[in-house]
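Structure record follows, encoded as structure tokens.
This one's a predicted model, so the numbers in the text were calculated from it and none came from an experiment. For reference, positions follow the sequence shown, starting with 1.
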Amino acid sequence: MIIKLEHPVHDAEVDEFEVVHFSNYLKWYSNALKEFLGRYSSPPGFFGEGVEIRVARVRASYSNSALRGDTVSTSITRAENLGRSLRLNFRAESRGKVLARAELNLVFVRKEPYALLPVPQAIADRLALGQAA
């Protein structure tokens, strides 16, 4: 486990059936991603002047529902350096059940002139040492 965050389900996150709307999982994954990036850069998400982080792909699957009153544990379970992208695996759990899983690919780009960059060295070195996987 690389990152694990706890989140109590708020009233605004559930529908009239008291089930969490699927879009909230993406927000929770985003919070875990911010925490992850904060470990490798200062300020969080800064990897050099003119370098941006972009989401290249998200794949998500849902198997159970979080409900009003639940506390959801959102975690990044794996980080993999693919050279030109970073693959992160996420999981959301509550009440001892896996609720959802996602795989997110990030790329790092230079804005001017536009160029796809390798995974930043700060991340690559820690992944190579097994400190984040």
Side-chain angles (χ1 to χ4, degrees):
M1 187 97 33
I2 299 168
I3 299 285
K4 184 175 183 179
L5 303 175
E6 300 287 325
H7 176 80
V9 173
H10 300 296
D11 290 344
E13 296 169 327
V14 299
D15 60 21
E16 61 273 10
F17 304 106
E18 304 208 0
V19 173
V20 170
H21 189 269
F22 73 91
S23 64
N24 290 291
Y25 294 92
L26 298 176
K27 291 181 214 172
W28 301 335
Y29 296 151
S30 180
N31 290 338
L33 175 60
K34 288 176 192 173
E35 181 75 22
F36 176 85
L37 293 173
R39 291 186 181 187
Y40 300 97
S41 60
S42 182
F46 182 79
F47 292 100
E49 197 63 43
V51 176
E52 292 183 347
I53 303 166
R54 298 204 179 140
V55 174
R57 179 175 67 179
V58 176
R59 292 190 298 174
S61 62
Y62 302 89
S63 52
N64 288 291
S65 297
L67 306 172
R68 181 187 314 272
D70 283 351
T71 296
V72 176
S73 170
T74 304
S75 56
I76 297 177
T77 59
R78 181 182 166 122
E80 185 179 3
N81 179 357
L82 302 176
R84 294 279 182 191
S85 68
L86 181 65
R87 180 185 302 152
L88 299 170
N89 294 100
F90 294 83
R91 183 172 58 219
E93 300 173 282
S94 184
R95 295 174 277 112
K97 296 180 183 178
V98 175
L99 306 173
R101 297 176 195 268
E103 178 182 287
L104 182 129
N105 285 68
L106 295 177
V107 294
F108 301 83
V109 298
R110 183 177 54 232
K111 293 190 300 187
E112 296 288 332
Y114 181 84
L116 184 62
L117 302 172
V119 170
Q121 203 61 46
I123 295 175
D125 289 347
R126 285 189 60 189
L127 291 176
L129 293 172
Q131 293 179 354

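- Distance NE2/H21 to OG/S65: 11.5 Å, rounded to 0.5 Å.
- Within 6.0 Å of CD in E112 there are 12 or fewer heavy atoms belonging to other residues, nucleotides or ligands.
- Both V20 and L5 sit in one connected hydrophobic cluster of ILVMFWY residues. Membership requires side-chain heavy atoms under 4.5 Å apart, directly or through other members.
- Of all non-hydrogen atoms in S63 and A100, the two that sit nearest each other are OG-N, 4.4 Å.
- The minimum heavy-atom distance linking A66 with V72 is given by the pair CB-CG2, 3.8 Å.
- A donor-acceptor pair under 3.5 Å is absent between the side-chain atoms of H10 and the main chain of A12, judged by distance alone.
- More than 12 non-hydrogen atoms from other residues, nucleotides or ligands lie less than 6.0 angstrom from CD of E6.
- Inter-residue side-chain proximity for T77 and F90 is flagged as unmet; no heavy-atom pair is nearer than 4.5 Å.
- Under the 4.5 Å side-chain heavy-atom criterion for grouping Ile, Leu, Val, Met, Phe, Trp and Tyr, L37 is not connected to L82 through any hydrophobic cluster.
- The side chain to side chain donor-acceptor pair (under 3.5 Å) with E13 is formed by just one residue from the set H7, R68, K27; it is H7.
- Under the 4.5 Å side-chain contact rule for hydrophobic residues, V98 and V9 do not share a cluster.
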Evaluate the side chain to side chain contact (heavy atoms under 4.5 Å, CB included) criterion for residues I3 and R39: first the C-alpha distance (whole Å), next the side-chain angles of each, then the deciding distance (0.1 Å), finally the verdict. CA-CA 10 Å; I3 299 285; R39 291 186 181 187; 3.2 Å; yes
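- A side chain to side chain donor-acceptor pair (under 3.5 Å) with R95 is found for one member of N64, D70, T71 and no other, namely D70.
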Start with the C-alpha gap between R84 and L116, add the side-chain angles, then the distance that decides, and say whether side chain to side chain contact (heavy atoms under 4.5 Å, CB included) holds. CA-CA 7 Å; R84 294 279 182 191; L116 184 62; 4.1 Å; yes
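- Linking ILVMFWY side-chain heavy atoms closer than 4.5 Å, directly or via other members, places Y29 and V58 in a single hydrophobic cluster.
- Side-chain contact between F108 and I123 is present, with heavy atoms from C-beta onward closer than 4.5 Å.
- Between R91 and E93, at least one side-chain nitrogen of the basic residue sits less than 4.0 Å from a carboxylate oxygen of the acidic one, meeting the salt-bridge criterion.
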Decide side chain to side chain contact (heavy atoms under 4.5 Å, CB included) for L106 and L88; before the verdict, give the C-alpha distance in whole Å, the side-chain angles of both, and the deciding distance to 0.1 Å. CA-CA 8 Å; L106 295 177; L88 299 170; 4.1 Å; yes
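- In terms of heavy-atom proximity, A32 sits nearest to T74 at CB-CG2, 4.4 Å.
- Here the closest heavy-atom approach between residue Y114 and residue V109 is recorded as OH-CG1, 3.6 Å.
- Hydrophobic clustering of Ile, Leu, Val, Met, Phe, Trp and Tyr side chains at less than 4.5 Å, counting indirect connections, unites Y62 with L99.
- Here the straight-line distance linking atom CZ of R78 with atom CD1 of I76 works out to 13.5 Å at 0.5 Å rounding.
- In this structure, F46 CZ and S41 OG are separated by 9.0 Å, a value rounded to the nearest 0.5 Å.
- You'll find the side chain of V19 reaches within 4.5 Å of the side chain of L67, heavy atoms only.
- Taking the six-membered ring for Trp and thresholds of 30 and 60 degrees, W28 and Y25 have ring planes more than 60 degrees apart, a perpendicular arrangement.
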R110 and L117: side chain to side chain contact (heavy atoms under 4.5 Å, CB included), yes or no, with the steps? CA-CA 7 Å; R110 183 177 54 232; L117 302 172; 3.9 Å; yes
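- Using a cutoff of 4.0 Å between basic side-chain nitrogens and carboxylate oxygens, E103 and R57 are scored as salt-bridged.
- For the side-chain contact (heavy atoms from CB on, under 4.5 Å) with R87, the qualifying choice from N105, N81, L104 is N105, the only one to do so.
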